[in-house]
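Encoded as structure tokens, the structure appears first; notes follow it.
No hydrogens, no waters, no symmetry mates; every other heavy atom, side chains included, goes into these values. As the structure is a prediction and not an experimental result, all values here were calculated from the model. Whatever order the structure lists them in is the order used to number ligands and atoms, beginning at 1.
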Amino acid sequence: MKVFLFFLAPLFTLVMSAQQLPTDYLTSDFHKGRRDAFRAEMPANAVAVLFSNPVRNRANDVDYIYHQDPNFHYLTGYNEPHAILLLFSSPQTTPDGTTYKELIFVQERNALAEQWNGRRLGVEGTIATLGFESAFNGSEFAALDIDFKSFDKLLFYNFKNDYRDTRDGADLFDLVKSFKNKIGFPSNYNATRQQAYTLIQSTPVEQTDKVVKLLDRYARMDPSLSEDPYIKDFMAAARVGDNQKILDRAKTAVNIALSQYNFDLEGLDRIMSGLRETKLPEEMALLKKAIEISAIGQLEVMKAMHPGMSETEVQGVHEYVYKKYGAEYEGYPSIVGGGNNGCILHYIENNKPQLGAELVLMDLGAEYHGYTADVTRTIPANGVFSPEQKAIYEIVYNAQEAGIAASIVGAPFSAPGAVASKVVAEGLISLGLIKEASEARKYFPHGTSHYLGLDVHDKGTNGPFKSNTVITVEPGIYIPEGSDCDPKWWGIAVRIEDDILISDQGPVLLSHMAPRSVEAIEAAMKLPSPLDSFSLPTLD
Ligand code: GLY
Ligand code: MN
Ligand code: MN
């Protein structure tokens, strides 16, 4: 394969003013090890290409706080924008005989930009602190001479095309544009059509039925697929069930169409999902910390809560506790919903001024060095559950207990949801809120579990549970005002969400520091809080 790298980065010692930083970040060896693990999963003669996350504008000249793409962070530890990573399945050789198996292009150092907007690692810092053998400035990517067509597979995520072209000639916009030119990415490339073709190509006859269902789904996403002659052929042949000649014709046609491109828009996510589903010890240390500090935040709020509090203030107390422990961010926008607001599953306005005697649903998670918790507690703002609140709470609690007990190695990913849904349905029937189990979805409209890690809804395979996986178990019951039931239930919303480590020793409740049962919550709410004596001047 012909590859010319016409430059090699000089290895300068990094000159940056000394900074005191936390010492518990993932190490460069971790990221390097993950790149090796990634390569081990790559098909032969392939290259994977990943981009950093875009910078998002908030208003005028203010951007949202930058957050790296979790895959990019996992593989590199580089947390700045405007970067591109190339991983090769096997070592590549330059004309002068140098070999390399990865390339990273990063933001160039720039004294003025750094004075205004923060330090940059640059090429030298990337080599010195992130363990790359070489690194290059983004501006050098355009001239990179690699014949991407010579690879059997080119793994990348489909482009979202939702980033700005700035005055910087090597921003993400320019990197993507250059990459598209290098690989000959057609402007009308239809990824869903390619996915459909790949399905047709790779489906054994006995699974044709499954594929028809998937193709129907693709066609709903992109109606033009229903008019595609090859897909039409395949669907027609598959529906009658025995038309081998038409099936073969469709397969030959899609083989020819697919051979035009070496793009693989699914392989990258498949590999990342496999790698990220189970956590290494270094990751577990950070994830556990994120979860513990989130649970402690819940406890501190229980101690501080009183009927005069606002949703915003509750949010502030949680987030202060995380920051006190050094968490950089929230893993997702904090949800604090009093009463009926709790029925909005991802309620983030958090602007009710007084909580009164309502239940408060608090779904919050600290992000610590990239890893995020996801813990929900629902508590009565006045410290005591009413009989109706308690009745609903107990059903959700029992559903959660059943879900946690089902979170064991080897169980299907759906196991916690299956048992939790059954408990919720039985409970709602026993209270007369529904008549049949099939109606339960009205009050429990979401899934019970998802993976947890660098993303709150983390990547994973959805296969049978493996040891060292972290999931949430989060049943809920939500009865919005106006529901078709006795108004005494209206405005009651309960979610209980805990973070569970699936281990060979059984499920481990990582968020145990947050009181969970009715009794434990009511007891915690009687404890004194340092905020009891915190007062601020009244404003006019
Ligand atoms: N906090 C979002 C969720 O529970 O999935
Ligand atoms: Mn969750
Ligand atoms: Mn949550």
*Show your working on side chain to side chain donor-acceptor pair (under 3.5 Å) between Glu474 and His450 and close with a plain yes or no.*
CA-CA 9 Å; Glu474 49 172 313; His450 55 79; 2.8 Å; yes

*Please test Glu311 against Tyr347 for side chain to side chain donor-acceptor pair (under 3.5 Å), starting from the C-alpha separation and ending with a verdict.*
CA-CA 11 Å; Glu311 292 174 347; Tyr347 169 79; 2.5 Å; yes

*Should Phe413 and Tyr451 be marked as a ring-ring contact (aromatic ring centres under 6.0 Å, His included) after you check the CA-CA gap, both sets of side-chain angles, and the distance that decides it?*
CA-CA 10 Å; Phe413 182 79; Tyr451 298 106; 4.9 Å; yes

*Carefully, step by step, assess Tyr325 and Tyr368 under the rule ring-ring contact (aromatic ring centres under 6.0 Å, His included).*
CA-CA 9 Å; Tyr325 282 106; Tyr368 187 80; 9.0 Å; no

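Contact check on Arg164 versus Asp63 returns no salt bridge, with no Lys/Arg side-chain nitrogen under 4.0 Å from an Asp/Glu carboxylate oxygen. In summary, Asp222 and Arg193 do not engage in a salt bridge, as defined by a charged side-chain N under 4.0 Å from a carboxylate O.
Using cut-offs of 30° and 60° for the angle between ring planes, the Phe179 and Phe156 rings count as perpendicular.
Within the listing of ligand 1, atoms 2 (C), 3 (C), 5 (O) sit less than 4.0 angstrom from a heavy atom of His457. In summary, the atoms of ligand 1 found under 4.0 Å from a heavy atom of Glu497, numbered by their order in the structure, are 4 (O).
Taking the N/O/S atoms of His450 in turn, the shortest distance to the Mn ion (ligand 2) belongs to NE2.
Side-chain contact of Tyr157 with Asp269: a donor-acceptor pair under 3.5 Å is present, judged by distance alone.
In this structure, Asp374 has a heavy atom closer than 4.0 Å to ligand 1.
Excluding water, every protein N/O/S atom under 2.8 Å from the Mn ion (ligand 3) is given here by residue and atom: Asp363 OD1, Asp363 OD2, Asp374 OD1, Glu497 OE1.
The residue among Glu474, His346, Arg495 with a heavy atom at the shortest distance from atom 2 (C) of ligand 1 is His346.
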